[in-house]
Amino acid sequence: MEPLTEHRPVNGLVVYGFLRLVRVSQARQDALVGSLAEYCRSHELQLSGVFTDRDATAGPASAAFTGLLDVLALPDVYGVLAPAMSHLGPKAIAAERGRRIEATGSRLLLVRKPRAPHHAVSRSGPVRRHPGTTRVLDAES
């Protein structure tokens with residue numbers, strides 16, 4: 001495979017999109033497909049198709065996901081592109097699908113990365129203030 005540059009043709013950077021669209025309008029679907037296409041354009045990838053899972057009750061082996069796994073076995077397929085991890089399904093199903101994608105030797109690319117876990121802030125805990133700042137209360141407060 002050649003180095004990825006804007007000056008040379010690159011072979012083998014074919015990706016397939018995966019969307020989980022349950023009760024989604026056509027406009028939302030078009031916007032999501034457009035975001036996948038734009039991601040591919042800006043990262044010099046070739047979006048060869050988008051698999052859409054519309055069944056909310058399907059497990060990890062839905063028809064759309066099985067079709068995706070089939071194309072990942074083709075030569076020169078780089079990976080799977082999804083808007084976010086939630087498009088692979090609920091957490092347990094998404095984790096299983098992620099493992100299956102990686103088991104094929106393909107990469108899972110996410111347009112929006114998972115959020116870093118945030119720590120709960122106690123409302124009864126101490127308030128941190130910057131040095132040199134004071135809080136002034138007027139008599140009416």
Side-chain angles (χ1 to χ4, degrees), residues 1-138 140-141:
M1 179 174 8
E2 293 184 40
L4 183 65
T5 70
E6 61 189 55
H7 300 290
R8 291 193 221 170
V10 178
N11 297 324
L13 291 181
V14 171
V15 296
Y16 287 87
F18 190 81
L19 298 172
R20 183 172 180 265
L21 301 176
V22 179
R23 295 184 302 267
V24 173
S25 70
Q26 185 63 45
R28 176 77 174 142
Q29 178 178 340
D30 293 345
L32 288 167
V33 171
S35 72
L36 297 181
E38 176 57 26
Y39 182 92
C40 288
R41 187 197 63 72
S42 66
H43 289 86
E44 299 181 359
L45 299 169
Q46 179 185 343
L47 183 61
S48 290
V50 177
F51 289 84
T52 304
D53 193 355
R54 295 187 183 279
D55 187 0
T57 61
S62 69
F65 190 74
T66 301
L68 175 68
L69 291 178
D70 288 345
V71 299
L72 293 181
L74 296 173
D76 294 331
V77 175
Y78 183 69
V80 177
L81 178 62
M85 196 67 177
S86 61
H87 277 272
L88 293 180
K91 287 185 180 182
I93 291 174
E96 176 61 25
R97 287 177 171 177
R99 281 190 291 275
R100 288 184 182 184
I101 290 168
E102 290 175 3
T104 67
S106 297
R107 295 191 54 170
L108 176 60
L109 307 166
L110 301 175
V111 173
R112 188 178 66 215
K113 303 290 183 219
R115 291 187 213 172
H118 64 283
H119 302 287
V121 178
S122 171
R123 293 194 175 243
S124 61
V127 176
R128 293 187 184 150
R129 297 203 177 134
H130 297 286
T133 60
T134 59
R135 185 173 159 187
V136 179
L137 298 174
D138 54 83
E140 295 176 5
S141 319

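All of these numbers come straight from a predicted model, not from anything done at the bench.
Contact check for S35 versus R112: no side-chain heavy atoms found under the 4.5 Å cut-off. Using a 4.5 Å heavy-atom threshold, the side chains of L45 and L81 count as separate. A 4.5 Å side-chain heavy-atom check between L69 and T104 finds at least one atom pair inside the cut-off. Using a 4.5 Å cut-off on side-chain heavy atoms (C-beta onward), P60 and R100 make contact. In this structure, L88 and I93 have side chains that are not in contact, with every pair of non-hydrogen atoms separated by 4.5 Å or more.
In terms of heavy-atom proximity, L32 sits nearest to L21 at CD1-CD2, 3.5 Å. Minimum interatomic distance between G89 and A94 (heavy atoms only, all atoms of both residues): O-CB, 3.5 Å. Residues G98 and L108 share a closest heavy-atom pair of CA-CD2, 4.5 Å. Of all heavy-atom pairs between A84 and L110, the closest is C-CD2, 3.8 Å. Of all non-hydrogen atoms in L13 and E44, the two that sit nearest each other are CD1-O, 4.0 Å. When all heavy atoms of L72 and G79 are compared, the pair lying nearest together is CD2-O, 4.2 Å.
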Review point. Could you go step by step and tell me if V14 and S48 meet the side chain to side chain contact (heavy atoms under 4.5 Å, CB included) rule?
Key: CA-CA 6 Å; V14 171; S48 290; 3.0 Å; yes
Point to revise | Check against side chain to side chain contact (heavy atoms under 4.5 Å, CB included), L47 and Y16 | key: CA-CA 6 Å; L47 183 61; Y16 287 87; 5.7 Å; no
**Study point:** Evaluation steps, salt bridge (Lys or Arg N to Asp or Glu O under 4.0 Å), between D53 and R97
**Key:** CA-CA 13 Å; D53 193 355; R97 287 177 171 177; 3.0 Å; yes
**Study point:** Verdict with supporting geometry, E102 and R99, salt bridge (Lys or Arg N to Asp or Glu O under 4.0 Å)
**Key:** CA-CA 5 Å; E102 290 175 3; R99 281 190 291 275; over 6 Å; no
Exercise for review: Could you walk me through whether L19 and V33 pass side chain to side chain contact (heavy atoms under 4.5 Å, CB included), step by step?
Suggested key: CA-CA 8 Å; L19 298 172; V33 171; 3.7 Å; yes
Exercise for review: Dump the intermediate steps for side chain to side chain contact (heavy atoms under 4.5 Å, CB included) on V77 and V15, then the final yes or no.
Suggested key: CA-CA 6 Å; V77 175; V15 296; over 6 Å; no
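Between the side chain of H43 and the backbone N or O of Y39 there is at least one donor-acceptor pair closer than 3.5 Å. In this structure a side-chain-to-backbone donor-acceptor pair under 3.5 Å is missing from H87 to A82.
Close placement of the F65 and F18 rings is indicated, their centers lying within 6.0 Å of each other.
A donor-acceptor contact closer than 3.5 angstrom links the side chains of R54 and Q29.
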